[in-house]
Amino acid sequence: MTAPLFSGRARRSVAALGAVSAGLLLLSACDKPTPLATVTVGSSSVSVEAACHGGKEPLSMDKVQECLTNLKGAKTVEYARGDTLRLGVEPDVVEDGKKWQAVLDGQPITEPSENTYRSFPGADVFATGGQGEAPASKKLAFVQVAEDGKPLSVWTFNLKLK
């Protein structure tokens, strides 16, 4: 009969150390998640990470257009006429002179802002101005811009008319 080289406790310690080392290695290979943007209507909130993120480099205008029109995987928020629409971003979005603005169906609805929160009480984002029937949904996006106005990130949502 041979004696084990390591006791059970030593084997468990070595295995735990190996698992921790492997976990740290995997985490170091992951990208840092982008800050969240949130849309709240009534008591319903939806938060998402950026659909397009250029890192430290600005996004090209073609990439921004693609992000604004290609909403695969965009989360949906139901909206009824007269509801208060609340838009928010994490503080990371507006640090170092960066700003963000809201875009509805490709058209800016806010000026670039350093604030992390905007509220639109009783806004009717589905108003058509008497030009026919309102669409069933609209595309809402937040665009983060650098100090020089170049786009850095885009977050996308679908607003669905209740």
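Quantities reported herein were computed from a predicted structural model and do not represent experimental measurements.
- One distance of note links CH2 of Trp155 with SG of Cys67; it measures 11.0 Å at 0.5 Å rounding.
- Atom NZ of Lys138 is surrounded by more than 12 heavy atoms from other residues, nucleotides or ligands within 6.0 Å.
- Across all non-hydrogen atoms, the minimal contact from Thr76 to Lys160 is CG2-CB, 3.7 Å.
- Note: the hydrophobic cluster containing Ile109 also contains Val41 (ILVMFWY, side chain heavy atoms under 4.5 Å, direct or indirect links).
- Considering only heavy atoms from C-beta on, Leu59 comes within 4.5 Å of Val154 through its side chain.
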Start with the C-alpha gap between Val89 and Gln144, add the side-chain angles, then the distance that decides, and say whether side chain to side chain contact (heavy atoms under 4.5 Å, CB included) holds. CA-CA 10 Å; Val89 295; Gln144 178 191 40; over 6 Å; no
For residues 90-99, which side-chain N or O atoms pair as donor and acceptor with protein atoms under 3.5 Å away, sequence neighbours left out?
| unit_1 | atom_1 | unit_2 | atom_2 | d |
| --- | --- | --- | --- | --- |
| Glu90 | OE1 | Leu36 | N | 3.3 |

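- Between the Gln101 side chain and the Glu111 main chain, no donor and acceptor come within less than 3.5 Å of each other.
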Decide side chain to side chain contact (heavy atoms under 4.5 Å, CB included) for Val103 and Phe142; before the verdict, give the C-alpha distance in whole Å, the side-chain angles of both, and the deciding distance to 0.1 Å. CA-CA 6 Å; Val103 176; Phe142 299 176; over 6 Å; no
Might you work through the side chain to side chain contact (heavy atoms under 4.5 Å, CB included) test for Leu152 and Lys150, ending with a clear yes or no? CA-CA 7 Å; Leu152 299 171; Lys150 293 183 179 173; 5.7 Å; no
Should Ser44 and Glu78 be marked as a side chain to side chain contact (heavy atoms under 4.5 Å, CB included) after you check the CA-CA gap, both sets of side-chain angles, and the distance that decides it? CA-CA 8 Å; Ser44 299; Glu78 289 192 347; over 6 Å; no
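- Glu66 has its side chain out of reach of Val64: every pair of non-hydrogen atoms, C-beta onward, lies at least 4.5 Å apart.
- Minimum heavy-atom separation, Phe120 to Leu87: CE1-CD1, 3.6 Å.
- Under the 4.0 Å criterion applied to side-chain N and carboxylate O atoms, Asp105 and Lys139 are not assigned as salt-bridge partners.
- Scanning both residues, Ala80 and Lys162, for their nearest heavy atoms gives CB-CD, 3.9 Å.
- For the pair Thr40/Val46, no side-chain contact is recorded, criterion being any heavy-atom separation below 4.5 Å from C-beta on.
- Counting heavy atoms from C-beta on, the side chains of Phe126 and Asp124 come closer than 4.5 Å.
- Closest approach of Ser47 and Thr38 over heavy atoms only: OG-OG1, 2.7 Å.
- In terms of the side chain to side chain contact (heavy atoms under 4.5 Å, CB included) criterion, residue partners of Ala51 (sequence neighbours excluded) are, by chain and number, Thr156.
- By the criterion of side-chain heavy atoms lying less than 4.5 angstrom apart, applied directly or through intervening Ile, Leu, Val, Met, Phe, Trp or Tyr residues, Val77 is grouped together with Leu161 in one hydrophobic cluster.
- The closest side-chain heavy-atom distance from Thr84 to Ser119 is below 4.5 Å.
- Here CG of Leu140 is found 14.5 Å from NZ of Lys75. Values are rounded to the nearest 0.5 Å.
- At a threshold of 4.5 Å between non-hydrogen side-chain atoms, the residues Pro112 and Trp100 do not count as touching.
- Of all heavy-atom pairs spanning Glu49 and Pro33, the tightest one is OE2-CB, 3.5 Å.
- Of the inter-residue distances, the one linking Arg118 atom CZ with Ser113 atom OG reads 5.5 Å to the nearest 0.5 angstrom.
- Side chains of His53 and Thr34: no donor on one and acceptor on the other come within 3.5 Å.
- Residues Leu68 and Leu104 do not share a hydrophobic cluster, clusters being chains of Ile/Leu/Val/Met/Phe/Trp/Tyr side chains in contact below 4.5 Å.
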